[in-house]
A.B. asks: 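My questions all concern the structure below.
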Amino acid sequence: MGCLLLGMTCCWVRHDGDRLVGHLGSTRAAIVVEPDAVAADCFNTRRAILLKHSVRRLANAGQYVDLDAGYARWRSTGEMAHRLLRAGIQYVQGFSVNVANRQTTRHSYRWGGSSRTSSAGAEFVIDTSRNGLGPPPDESDRDDESCNPRRQALGQAPTARTGMPGLAALLWSKLPGESDGICGGETTYLFSRTRARRLTVNSPFVPAEGRQLAAVADVSPTGHGRGHRKLVRWTRPGTL
């Protein structure tokens, strides 16, 4: 993940980044820049320079910018801190952890805190949109445990009042119910009511009444039938 052809990344930096700034105008937004790009195997000096240019452009326009650092158990904290510094962490608010992943908040905080200590003391945010049960089993002969797994749940609700040093916010960066793709019984990359119900029913952070209502809700499958709209994704620098 997080690897585009360099030419396409350059195109985003030069054109799409400017368009985004123009569209936002005086509106200030919290922007997570390119999930997985800094942690990816293809990260190198050229990509670091492009990311640095991109985040500086957004930060200079007055936006709240977080570079994405991947998730705990992917890179060591020392290596991630070094990569973040190369990609321009010193010019932005901080970095994001666990986007679209399922590592626990406790583990993500410990890992993010160690990375923070080594990367100019930047604050960070954690995506808790589906980490309520922690990561599913990592079994090499199964792909349904990484792509739309049955064992996942909503985590803690979004808040900027974390009470935890260095942690700026808990966010639902991945929209709850959004499918990972054509896998795990899903036939779409779009919102899945089945997926959303499972996230709710499984969650220890949702009150019992809410879980019960979700369990009996009438859920029809989402698919490629009549009325299905083609997915259009905005691709940011370094994304597949």
Side-chain angles (χ1 to χ4, degrees), residues 1 29-30 32 35-36 66 68-74 96-113 124-229 231 233:
M1 295 179 68
V32 173
D36 294 347
D66 288 310
D68 188 68
Y71 57 89
R73 294 168 45 181
W74 190 352
S96 57
V97 175
N98 206 46
V99 171
N101 211 274
R102 304 172 183 87
Q103 308 302 312
T104 65
T105 301
R106 177 180 295 182
H107 192 186
S108 296
Y109 178 70
R110 187 184 304 118
W111 183 83
F124 63 103
V125 299
I126 298 174
D127 181 5
T128 59
S129 61
R130 49 187 188 170
N131 74 344
L133 296 178
D138 185 13
E139 300 178 11
S140 58
D141 59 337
R142 298 178 60 178
D143 62 0
D144 60 332
E145 291 303 315
S146 60
C147 189
N148 288 326
R150 295 182 63 84
R151 187 187 180 280
Q152 61 177 344
L154 291 172
Q156 292 162 271
T159 181
R161 298 180 178 179
T162 67
M164 304 168 78
L167 181 61
L170 300 177
L171 304 175
W172 284 358
S173 304
K174 175 78 170 179
L175 297 178
E178 186 178 63
S179 171
D180 289 330
I182 316 301
C183 55
E186 298 295 340
T187 58
T188 179
Y189 283 89
L190 303 176
F191 176 80
S192 162
R193 283 171 281 184
T194 301
R195 193 64 38 194
R197 178 172 68 175
R198 186 166 293 150
L199 285 168
T200 305
V201 171
N202 289 347
S203 178
F205 298 97
V206 174
E209 182 180 4
R211 296 198 303 272
Q212 291 167 4
L213 288 172
V216 299
D218 181 18
V219 180
S220 58
T222 54
H224 295 287
R226 206 171 166 182
H228 176 76
R229 290 178 293 177
L231 171 66
R233 284 188 178 275

A.B. asks: Using only atom types and a distance under 3.5 Å, with no angle test, would you say the side chain of Arg102 pairs donor to acceptor with the backbone of Pro136?
C.D. replies: no
A.B. asks: Evaluate the side chain to side chain contact (heavy atoms under 4.5 Å, CB included) criterion for residues Gln152 and Arg198: first the C-alpha distance (whole Å), next the side-chain angles of each, then the deciding distance (0.1 Å), finally the verdict.
C.D. replies: CA-CA 8 Å; Gln152 61 177 344; Arg198 186 166 293 150; 5.6 Å; no
A.B. asks: Decide side chain to side chain contact (heavy atoms under 4.5 Å, CB included) for Tyr109 and Thr104; before the verdict, give the C-alpha distance in whole Å, the side-chain angles of both, and the deciding distance to 0.1 Å.
C.D. replies: CA-CA 8 Å; Tyr109 178 70; Thr104 65; over 6 Å; no
A.B. asks: Is it the case that the side chain of Arg130 and the backbone of Leu199 share a donor-acceptor pair, with hydrogens and angles ignored and the cut-off at 3.5 Å?
C.D. replies: no
A.B. asks: If I take atom CD1 from residue Ile126 and atom CD from residue Gln103, how far apart are they, to the nearest 0.5 angstrom?
C.D. replies: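 So the CD1 of Ile126 and the CD of Gln103 are separated by 11.0 Å.
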A.B. asks: Nearest heavy-atom pair of Arg73 and Pro135: which atoms, and what distance?
C.D. replies: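 Nearest heavy atoms, Arg73 then Pro135: NH1-CG, 3.5 Å.
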A.B. asks: May I ask you to decide if Val32's main-chain N or O and Asp68's side chain share a donor-acceptor pair within less than 3.5 Å?
C.D. replies: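 Checked: no pair found.
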A.B. asks: Please find the pair of heavy atoms, one from Asp180 and one from Pro149, that lie closest to each other, and give the distance.
C.D. replies: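 Smallest heavy-atom distance, with atoms named: OD2-CD, 4.3 Å.
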A.B. asks: Take Asp127 and Lys174 through the side chain to side chain contact (heavy atoms under 4.5 Å, CB included) test and state the conclusion after the steps.
C.D. replies: CA-CA 7 Å; Asp127 181 5; Lys174 175 78 170 179; 3.7 Å; yes
A.B. asks: Evaluate Phe191 against Leu175 for side chain to side chain contact (heavy atoms under 4.5 Å, CB included), listing each step before the verdict.
C.D. replies: CA-CA 8 Å; Phe191 176 80; Leu175 297 178; over 6 Å; no
A.B. asks: Between Trp172 (side chain only) and Gln156 (backbone N and O only), is there a donor and an acceptor less than 3.5 Å apart?
C.D. replies: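 Checking the backbone N and O of Gln156 against the side chain of Trp172, a donor-acceptor pair under 3.5 Å is found.
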A.B. asks: Okay, side chain of Ser192, backbone of Ser179: is any donor-acceptor separation there less than 3.5 Å?
C.D. replies: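 No.
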A.B. asks: For Arg151, does the CZ atom sit with more than 12 other heavy atoms under 6.0 Å from it, leaving out its own atoms?
C.D. replies: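 Check passes, neighbour count above 12.
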A.B. asks: Is a side-chain donor or acceptor of Arg197 paired with a backbone partner of Ala217 at a separation under 3.5 angstrom?
C.D. replies: yes
A.B. asks: So, applying side chain to side chain donor-acceptor pair (under 3.5 Å) with Thr105, which one of Asn131, Asn98, Thr162, Thr128 is it?
C.D. replies: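 Answer to the side chain to side chain donor-acceptor pair (under 3.5 Å) test with Thr105 among Asn131, Asn98, Thr162, Thr128: Asn131.
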A.B. asks: Which atom names give the shortest non-hydrogen contact between Pro204 and Ala153, and what distance separates them?
C.D. replies: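 Heavy atoms only, the tightest pair is CD-CB, 4.5 Å.
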A.B. asks: Between Val97 and Gly112, which heavy-atom pair has the shortest distance, and what is it?
C.D. replies: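 Reported closest heavy-atom pair: CG2-CA, 4.4 Å.
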A.B. asks: Compare every heavy atom of Leu154 with every heavy atom of Ser203, then report the nearest pair and how far apart it is.
C.D. replies: OG-O, 2.7 Å
A.B. asks: Return the minimal non-hydrogen interatomic distance between Val125 and Leu167, and the atom names on each side.
C.D. replies: CA-CD1, 4.1 Å
A.B. asks: About how many Å separate CZ of Phe124 and CE of Met164, when rounded to the nearest 0.5 Å?
C.D. replies: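 Separation between the atoms: 7.0 Å.
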A.B. asks: Is there a side-chain contact between Tyr189 and Ile182, using heavy atoms and a 4.5 Å cut-off?
C.D. replies: yes
